[in-house]
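Here's the structure, in structure tokens; my notes come after.
Both ligands and their constituent atoms are indexed starting at 1 by order of listing.
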Amino acid sequence: MELASARLHKGQISWWGLLLTASLLTTWSPPTTAQVTIEAVPPDVAEGKDVLLLVHNLPQALRVYYWFKRKAKDRDNEIVRFIVSKNENITGLAYSGRETVYSNGSLLFQNVKKSDEGVYILYMLNKDFDDIQKSVRLYVHSEKHH
Ligand SMILES: *[C@@H]1O[C@H](CO)[C@@H](O)[C@H](O)[C@H]1NC(C)=O
Ligand SMILES: *[C@@H]1O[C@H](CO)[C@@H](O)[C@H](O)[C@H]1NC(C)=O
């Protein structure tokens, strides 16, 4: 008996530890989709031009997603939300009239101004109301010196 428990400690893993590991491996399914990322295209846009905030690997089974400027979950900073089940958008208080949201998550920004520069946040809610957020920085350069 003593010998058995000594051996257990030396091995540093117990039978219940193995069971726990095994059950975690079977119940926890790793995400099959890649991480969502956002890229500004072009990465540094000239004033007056258009830029696309391109979303890669938008998660499946989203309920709704929002685009915010500067700060997520802030009503004053909401540009637009997209209701997936209805395939429709609702503009928010920070909507300037120059943004268009697509069903694939991407946001087109037309006729950008220097004041549009900053952080944009894509805030997503899935069917279980779990949230995911990703941000991208928009750089706008002035063309005045040309
Ligand atoms: C999303 O839609 C926009 C507009 O149709 C398109 O330009 C963009 O490439 C699409 N994004 C992806 C990741 O397919
Ligand atoms: C909302 O959807 C309508 C209809 O598809 C589209 O014309 C409009 O540009 C969209 N608005 C935004 C802010 O994306």
Can you give me a line-by-line list of nitrogen or oxygen pairs between ligand 1 and the protein shorter than 3.5 Å?
{"unit_1": "ligand 1", "atom_1": "2 (O)", "unit_2": "Asn104", "atom_2": "OD1", "d": "3.4"}
{"unit_1": "ligand 1", "atom_1": "2 (O)", "unit_2": "Asn104", "atom_2": "ND2", "d": "2.4"}
{"unit_1": "ligand 1", "atom_1": "11 (N)", "unit_2": "Asn104", "atom_2": "ND2", "d": "2.9"}

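- Environment of NZ in Lys127: crowded, with over 12 heavy atoms of neighbouring residues, nucleotides or ligands closer than 6.0 Å.
- Checked by atom type and distance alone, the side chain of Glu117 pairs as donor or acceptor with a backbone atom of Val140 at under 3.5 Å.
- Of all atoms in ligand 2, numbered sequentially from 1 with element shown, those under 4.0 Å from a heavy atom of Glu99 are 12 (C), 13 (C).
- Without hydrogens or angle criteria, Tyr66 side chain to Leu125 main chain gives no donor-acceptor distance under 3.5 Å.
- No hydrogens or angles considered: a donor-acceptor pair under 3.5 Å links the side chains of His56 and Glu39.
- Evaluated for a side chain to side chain contact (heavy atoms under 4.5 Å, CB included) with Asn89, the options Tyr95, Tyr65, Phe82 yield exactly one hit, Phe82.
- Linking ILVMFWY residues whenever their side-chain heavy atoms come closer than 4.5 Å, directly or via other members, leaves Phe68 and Val112 in distinct clusters.
- Annotation: side-chain contact (heavy atoms from CB on, under 4.5 Å) contacts of Arg98 (sequence neighbours excluded): Ser96, Phe109, Asn111, Lys113, Asp116.
- Each of the following atoms of ligand 2 lies closer than 4.0 Å to a heavy atom of Thr91: 13 (C).
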